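Shown next, in structure tokens, is the structure this report addresses.
Read the numbers this way: they start at 1 and go in the same order the structure lists the ligands and their atoms. All residue numbers refer to positions in the sequence shown, counting from 1. Treat the numbers as computed from the prediction; the structure is a model and nothing was measured.
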Amino acid sequence: AKTRGRGRIAFFDVELRDRIQRRLQLEQDLRMAPLNDELWLAYQPIVDLRTDRRTAVEGLLRWTHPRYGLIFPGEFITLAEESDLINIVGAHMLHTAAREIAEQAPDLQLTVNLSARELDDPWLVSAIRNATYKAGLTPGSLCLEITESALMRDPALAARTLSSLRDLGVRLAIDDFGTGHSSLAQLLTLPLDTLKIDRSFTAGLGRSDEATAIVTSIIAMAHAVDLTVIAEGVEQPEQLEILRALGCDQAQGYHLGRPAPLAEL
Ligand code: C2E
Ligand code: CA
Ligand code: CA
Ligand code: CA
């Protein structure tokens, strides 16, 4: 038993060493990734449930690393957020997305994700103004998605930033709604247009009475304050039918379309 125990420890050592090595390597390489053209965007359609038409796409970052291959944002966005790299990566993402949409799909709304650190950046508003202007994208066709937890880090600052963004004409969405512990009253004072229901609730639709009750009340509450509701993570046709019956406005998920390069949509 003792040898087996030591074998396991050795195994985890190797795994841990590889993980740390990969992390350090990625951290180092991410700085150059935009210049090396390794970052690109996958776009996932957002569908209007009344017309069944695609109204918007969410831009999701991808990194094709020369050694490790395709890497998802779950791994590198957190890395970037721990340093100033998020601003470089975020700016690159915004310029690329704005340009691609303006050139190839000007009728679609574009929605992109902002991290907490970007929200705190005093240059955010002018960066967004410049990116849309440069790409020839009207600010009204851009929506920024911000998570509940990012908004709640400093609610007063977030409120000011959101107001300036609103003045610019961009739309604002709260992402992953339901996963944070924000006070609803506080959220409702922010100038938001859209609320995205986190996919953990969508997953429970039709399977758990609790999830269905939560989604029902989120939709009612959001509509009461004139927010558009998007359900994330729709994977099953039954979920879509329930959302339709509940009066949800829009939906997104593998059942409706997977993220893909814009040309493939
Ligand atoms: P998110 O904003 O909540 O984006 C939705 C994530 O769920 C995406 O993962 C998408 O591919 C995935 N997804 C979509 N439909 C389904 C479905 O039906 N089932 C399941 N299981 N998953 C689905 P992805 O692309 O790996 O992105 C993960 C997160 O990384 C995003 O979560 C977002 O928070 C962040 N992210 C992505 N791109 C950017 C970016 O450009 N900037 C920043 N700051 N964050 C980004
Ligand atoms: Ca999002
Ligand atoms: Ca989300
Ligand atoms: Ca998420």
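Comparing Asp175, Ile77, Asp198 by heavy-atom distance to atom 1 (P) of ligand 1, the nearest is Asp175. Which of Ile71, Asn113, Leu41 comes nearest to atom 46 (C) of ligand 1 through a heavy atom is settled by distance: it is Asn113. Considering only non-hydrogen atoms, atom 44 (N) of ligand 1 lies nearest to Ser115 out of Ser115, Gly253, Gly90.
For the pair Arg22 and Tyr68, the distance from NZ or CZ to the six-membered ring centre is under 6.0 Å and the angle to the ring normal is within 45 degrees.
Considering backbone and side-chain N/O of Leu61, one or more are found under 3.5 Å from N/O of ligand 1.
Within the model, atoms CG of Leu124 and OG of Ser164 stand 9.0 Å from one another, a figure rounded to the nearest 0.5 Å. Rounded to the nearest 0.5 Å, atoms CG (Leu137) and CD (Glu100) are 12.0 Å apart.
Following chains of ILVMFWY side-chain contacts shorter than 4.5 Å, one cannot reach Val234 starting from Leu60, and the two form parts of different hydrophobic clusters.
Counting heavy atoms closer than 4.0 Å to ligand 1, residue Asp176 contributes side-chain atoms (C-beta onward) but none from N, CA, C or O. Neither the backbone nor the side chain of Arg258 comes within 4.0 Å of ligand 1, counting heavy atoms alone.
With hydrogens and angles ignored, the 3.5 Å screen pairs a side-chain donor or acceptor of His95 with a backbone N or O of Ala91. In this structure, Glu148 contributes its side chain and Gly178 its backbone to a donor-acceptor pair below 3.5 Å.
For residue Asp198, no N/O/S atom approaches the Ca ion (ligand 3) to within less than 3.0 Å. The nearest N, O or S atom of Thr147 is not closer to the Ca ion (ligand 2) than 3.0 Å.
For Glu232, the N, O or S atom with the smallest separation from the Ca ion (ligand 3) is OE2. Closest to the Ca ion (ligand 2) among the N, O or S atoms of Asp175 is OD2. Among the heteroatoms counted here (N, O or S) of Asp176, OD1 is the one nearest to the Ca ion (ligand 3).
Atom numbering of ligand 1 starts at 1 in the shown order; those under 4.0 Å from a heavy atom of Glu58 are 2 (O), 4 (O). Residue-ligand proximity, Glu235 to ligand 1, at heavy-atom distances under 4.0 Å covers atoms 17 (C), 18 (O), 19 (N), 20 (C), 21 (N). In the vicinity of Arg62, heavy-atom distances shorter than 4.0 Å reach the ligand 1 atoms 11 (O), 24 (P), 25 (O).
Shown here are the salt bridge (charged side-chain N to carboxylate O under 4.0 Å, His left out) partners of Glu264, two or more places apart in sequence or in another chain: there are none. Judged as a side-chain hydrogen bond (donor to acceptor under 3.5 Å, both in side chains), and not counting sequence neighbours, the contacts of Arg50 are Asp249.
Counting only N and O atoms by type, the side chains of Thr111 and Glu145 include a donor and acceptor under 3.5 Å apart. Looking only at atom types and distance, the side chain of Asn113 has a donor-acceptor partner in the side chain of Glu58 under 3.5 Å away. In summary, the side chains of Trp40 and Thr64 do present a donor paired with an acceptor at a separation below 3.5 Å, with no hydrogens or angles considered.
The closest approach between any non-hydrogen atom of His255 and ligand 1 is not below 4.0 Å. Using a 4.0 angstrom heavy-atom cutoff, Gln252 does not count as in contact with ligand 1. The shortest separation from a heavy atom of Lys196 to ligand 1 is not under 4.0 Å, leaving the residue out of contact. Put simply, no part of Glu81 is less than 4.0 Å from ligand 1, judged by heavy atoms.
If you put the vertex on the Ca ion (ligand 2), OE2 of Glu58 and OE1 of Glu145 sit 90° apart, to the nearest 10°.
One finds no salt bridge joining Asp154 and Arg160 here, because no Lys/Arg side-chain nitrogen approaches an Asp/Glu carboxylate oxygen to under 4.0 Å.
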